[in-house]
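Note on naming: letters A, B, ... go to the chains in the order of the sequence lines (proteins, then strands), and numbering restarts at 1 for each one.
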There are 2 protein chains.
Amino acid sequence: MKRVVPTPFPADPYLDSPVVLGAAIRSARTQAGIRLEDAAMTIGVSLQTLVDIEAGKPGVSIGKILQVAQGLGVSLFVIPQSQREIARRRLSDLIVDNRP
Amino acid sequence: MKRVVPTPFPADPYLDSPVVLGAAIRSARTQAGIRLEDAAMTIGVSLQTLVDIEAGKPGVSIGKILQVAQGLGVSLFVIPQSQREIARRRLSDLIVDNRP
DNA sequence: TCTATAACTCTAGTATAGGAGACTTTTATG
DNA sequence: CATAAAAGTCTCCTATACTAGAGTTATAGA
């Protein structure tokens, strides 16, 4: 049988496009070993919406995004752009790469 | 004449609802002294969309959100939930409260 | 290579976002 | 208090998100 294959969390936590967010969410789901269909049903969104989020489609609503992120264990932070580089440095060591 | 009144940046940078994001974006715009209408036109979204974002409406798309955030100088970060409290502590001192 | 199954794609219907413009409300300031 | 201007609201229209279900493709493991 085909198993759920873990993907790495984005090395740089700075969120500059929906693609980065999709990668983070996919990483959280796959490392938890949950299938797309099961995750969608548990969280309460359609399979298609979850697929679109993981693919980084820009049209998905922030409501669905936060719903899925919280459901799969992904946290977001917001800061003024003037502090971006400081924040990036302070967070960069948090991402632990745990590929298979 | 009525001037653009600065609002504070959210004290806690953890993004758990669209309302927090709206507050951050409104803070960035008002502290830059830019009117809703001018900001919307410059960034390239409708006035209504910017109003909805600042009001924290959950339906706005992630594409528009990132477009406006980048246009107004607001940065987002994404990390695994297991690191949330560490990240919150590391970022909490970054938010400088500069109310009028 | 065979096969079970995870991932992905497609379609159709409904709901809602997004934009443009006009209008109303609120509030600094004279 | 008066008023100019920023903020917020409303309506109509088009585009697109969202869902459900069925079908197709890709791949891990026997």
Side-chain angles (χ1 to χ4, degrees), chain A residues 1-10 17-19 21-74 98-100, chain B residues 1-10 17-72 74 98-100:
Chain A
M1 99 177 76
K2 190 179 180 181
R3 66 193 184 81
V4 178
V5 49
T7 61
F9 205 91
S17 95
V19 176
L21 190 55
I25 285 172
R26 185 178 184 86
S27 168
R29 176 183 62 81
T30 55
Q31 291 192 15
I34 310 171
R35 300 187 308 138
L36 277 168
E37 197 173 354
D38 294 340
M41 208 191 62
T42 303
I43 296 169
V45 299
S46 71
L47 165 64
Q48 192 63 53
T49 296
L50 182 54
V51 167
D52 287 347
I53 289 175
E54 291 195 358
K57 299 279 182 71
V60 183
S61 75
I62 183 68
K64 296 290 174 189
I65 296 271
L66 291 181
Q67 186 179 343
V68 169
Q70 285 165 10
L72 285 173
V74 169
N98 42 357
R99 266 169 284 205
Chain B
M1 99 178 77
K2 189 179 180 181
R3 66 193 184 81
V4 178
V5 48
T7 60
F9 206 91
S17 96
V19 176
V20 175
L21 190 56
I25 284 173
R26 184 178 185 87
S27 168
R29 176 183 63 79
T30 55
Q31 291 191 15
I34 310 172
R35 301 186 308 140
L36 277 167
E37 198 173 353
D38 293 339
M41 208 189 62
T42 303
I43 296 169
V45 299
S46 71
L47 166 63
Q48 191 64 54
T49 297
L50 182 53
V51 167
D52 287 347
I53 290 175
E54 291 194 359
K57 299 279 183 69
V60 183
S61 74
I62 183 69
K64 297 291 174 189
I65 296 272
L66 291 181
Q67 186 179 344
V68 168
Q70 285 165 10
L72 286 172
V74 169
N98 42 356
R99 265 170 283 205

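With rounding to the nearest 0.5 Å, the separation of CG in B:Leu36 from CZ in B:Arg26 is 6.0 Å. To the nearest 0.5 Å, atoms CZ (A:Arg35) and NZ (A:Lys2) are separated by 11.5 Å.
In this structure, A:Arg29 reaches the C:dA7 phosphate: one of its side-chain N or O atoms is under 4.0 Å from OP1 or OP2.
Counting all heavy atoms, side chain and backbone alike, A:Gln67 lies closest to A:Gly44 at NE2-O, 3.5 Å. The minimum heavy-atom distance linking A:Ser27 with A:Phe9 is given by the pair OG-N, 3.3 Å. The two atoms that bring A:Ser61 and B:Gly59 nearest to each other are CB-O, 3.4 Å, heavy atoms only.
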With sugar-phosphate taken as primed atoms, P, OP1 and OP2 and all else as base, the protein-contact string of nucleotides 19-30 of chain D at under 4.0 Å (heavy atoms; B, S, -) is B------BBSS-

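Going from atom CE of A:Met41 over to atom P of C:dA6 covers 13 Å, rounded to whole Å. In this structure, A:Ile34 places its CD1 atom 17 Å from C1' of C:dT5, rounding to the nearest Å. Spacing between atom CG of B:Leu36 and atom P of C:dC23 amounts to 20 Å, rounded to whole angstrom units. C:dG18 atom P lies 14 Å from atom CD1 of B:Ile43, rounded to whole Å. Between B:Gln67 atom CD and C:dG19 atom C1' there is a gap of 13 Å when expressed in whole angstrom units.
Panel note: side chain A:Thr30, backbone A:Val4; no donor-acceptor pair is recorded below 3.5 Å.
Interface residues of residues 53-63 of chain B facing DNA chain C, ordered by number: B:Gly59, B:Val60, B:Ser61; criterion, heavy-atom separation under 4.0 Å.
Each of B:Val51 and B:Arg35 lies near DNA chain D, and the nucleotide nearest B:Arg35 is the one positioned closer to the 5' end.
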Derivation of the side-chain contact (heavy atoms from CB on, under 4.5 Å) call for A:Ile53 and A:Ile65: CA-CA 7 Å; A:Ile53 289 175; A:Ile65 296 271; 4.1 Å; yes

Could you check A:Arg29 against A:Val68 for side-chain contact (heavy atoms from CB on, under 4.5 Å), going step by step and ending with a plain yes or no? CA-CA 10 Å; A:Arg29 176 183 62 81; A:Val68 169; over 6 Å; no

